[in-house]
Amino acid sequence: MVKNQLQQKEDVRNLSYDELVKYFEGIGEKSFRATQIFEWIYQKGVWSFDDMSNLPKSLRDRLKQDFDLQPNTIADKQISKEGTTKFLFDLYDHEKIESVLIPTETRTTACISTQAGCKFGCRFCASGIGGWNRNLSCAEIVTQVLHVREESKKHERPLSNIVFMGTGEPLDNFQNLMKAIRIINSDKAINIGARHITVSTVGLVPKIKELAQQGIQIELAISLHGYDNESRNLLMPVNRKYPFDELIEACREYVKATKRQITFEYIMIKDVTCTDKAVVSLKKAFKGIICKMNLIPYNPVSEFDHKTPSQSEMQKFRDRLEEFGVHATIRTPRGRDVGAACGQLRHASQNSK
Ligand code: SAH
């Protein structure tokens with residue numbers, strides 16, 4: 001089990017349902033106690049063992065002795081004009097991470113972080129600027145969801161979707177990510193359908209292969225952003241390790257193995273990614289892959305001098321892709337005014353931009 005120096009005890013949210021059952025068996029308790037704990041934490045949303053009123057006092061004391069159940073401290077909360085809410089959490093070691101609640105007319109989405117910082121240094125993204133410090137634990141991942149869900153109650157629709165598109169690279173924290181996904185998906189816990197959970201990746205080829213073997217129907221989104229090897233090398237250093245063609249091949253295999261469609265995310269940067277050459281190259285790359293494209297208007301990050309194309313340039317780019325038989329939609333930027341849009345989440349508290 002993962003205990004760290006500053007924490008005295010294991011966080012109970014680092015345990016899967018089966019691990020919790022084993023724990024209760026180990027202390028001579030019935031296994032339905034695991035169901036009760038899951039209900040209290042993930043369904044009723046309590047933050048303390050003392051609030052678990054159907055557990056005997058002696059058992060609550062034992063749990064307090066054995067486990068931690070701390071909320072991630074909310075250090076700041078900013079609400080954009082369209083209702084997108086960005087949380088800044090202060091973790092036990094004072095690492096800061098961000099999560100976002102995105103309410104729209106059709107759904108309410110939580111955008112969740114998986115690492116404090118990011119190793120991958122994409123040359124358009126704020127999250128990698130301060131470097132990488134550590135992986136988030138399963139508890140730190142699911143606790144973000146619990147806070148965002150609580151906030152979502154102020155809006156019309158309950159929390160319906162989870163996207164792992166906050167700071168960090170989800171597939172670089174594979175074990176904790178998968179454990180958290182199973183809790184988020186479990187009908188004993190947060191109970192969000194697998195098809196409403198999206199994992200976004202810079203394209204870690206071996207991990208995409210591993211994900212295909214997990215037997216879970218989640219959505220996979222690939223941050224592609226380049227249209228061939230050369231253009232992707234310039235924007236995403238990870239492409240030198242897992243080149244464009246290898247990544248596309250892994251996506252083809254993923255679709256075959258899982259029978260699931262893949263989403264390619266593609267940033268529209270003026271004169272860089274939004275060109276005729278790109279349209280031709282993408283059509284060739286996507287041949288035989290069941291996929292769609294999510295076109296993301298470049299969100300300004302002060303450290304980079306890219307420009308966002310005009311509305312009509314972006315529209316034209318989308319139309320050309322559609323003509324070429326690639327299904328593409330333009331993602332509406334949300335939360336730009338509070339630095340909560342794609343690529344604007346920052347490492348530590350450098351989020352004053
Ligand atoms: N590391 C994962 C998860 C982060 S998802 C990944 O890269 O997929 C965040 C999404 O926002 C990614 O698609 C990322 O490429 C995109 N993004 C990063 N910087 C951006 C920017 N300045 N404007 C628009 N989208 C950006």
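Atoms within a ligand are numbered from 1 in the order they appear, just like the ligands themselves.
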Exercise. Going through the checks in order, is the salt bridge (charged side-chain N to carboxylate O under 4.0 Å, His left out) test met by Asp228 and Arg232?
Worked result: CA-CA 6 Å; Asp228 60 12; Arg232 199 166 191 267; over 6 Å; no
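A side-chain donor-acceptor contact under 3.5 Å links Thr143 and Arg13. If you check the side chains of Ser310 and Glu313, you find a donor sitting under 3.5 Å from an acceptor.
In this structure, His147 and Phe89 have tilted ring planes: the angle between them lies in the 30° to 60° band. Ring geometry for Phe38 versus Tyr42: interplanar angle over 60°, hence perpendicular rather than tilted (30 to 60°).
Heavy-atom contacts of Val202 reach the following atoms of ligand 1: 1 (N), 6 (C), 7 (O), 8 (O) (cutoff under 4.0 Å). Ligand 1 places these atoms under 4.0 Å from at least one heavy atom of Gly168: 1 (N), 2 (C), 3 (C). Close approach of ligand 1 to Val301 (heavy-atom distance below 4.0 Å) involves ligand atoms 22 (N).
For Asn299, heavy-atom contacts with ligand 1 shorter than 4.0 Å involve the backbone as well as the side chain. Using a 4.0 Å cut-off between heavy atoms, Thr201 contacts ligand 1 through its backbone alone, with no side-chain atom that close. Residue contacts with ligand 1, taken as heavy atom pairs separated by less than 4.0 Å, involve Pro297 solely via the backbone atoms N, CA, C and O.
For Phe124, a nitrogen or oxygen atom sits less than 3.5 Å from a nitrogen or oxygen atom of ligand 1, counting backbone and side chain alike. Inclusion of Met165 in the set of residues having an N or O under 3.5 Å from an N or O of ligand 1 is not warranted. Between Glu169 and ligand 1, at least one pair of N/O atoms sits closer than 3.5 Å.
The closest protein non-hydrogen atom to atom 11 (O) of ligand 1 is Cys342 CB, 3.4 Å. For atom 18 (C) of ligand 1, the nearest protein heavy atom (residue, atom name, distance) is Gly343 CA, 3.3 Å. At the shortest separation from atom 26 (C) of ligand 1 among protein heavy atoms lies Ile267 CD1, 3.4 Å. In this structure, atom 14 (C) of ligand 1 lies nearest to the protein heavy atom His225 NE2, 3.7 Å. Taking atom 10 (C) of ligand 1 as the reference point, the nearest protein heavy-atom neighbour is Glu265 OE2, 4.2 Å.
The two atoms that bring Ala341 and Asn299 nearest to each other are CB-ND2, 3.4 Å, heavy atoms only. Residues Val148 and Ser99 approach most closely at CG2-CB, 4.1 Å, considering heavy atoms. When every heavy atom of Gln261 is checked against every heavy atom of Cys291, the shortest pair comes out as CG-CA, 3.9 Å.
Comparing Ser223, Gly166, Gly203, Ala221 by heavy-atom distance to atom 4 (C) of ligand 1, the nearest is Gly166.
Geometrically, Lys188 engages Tyr17 in a cation-pi contact, judged by NZ or CZ lying under 6.0 Å from the ring centre and within 45° of the ring axis.
Put simply, no part of Ala341 is less than 4.0 Å from ligand 1, judged by heavy atoms.
Under the 4.5 Å side-chain heavy-atom criterion for grouping Ile, Leu, Val, Met, Phe, Trp and Tyr, Ile296 is not connected to Leu234 through any hydrophobic cluster.
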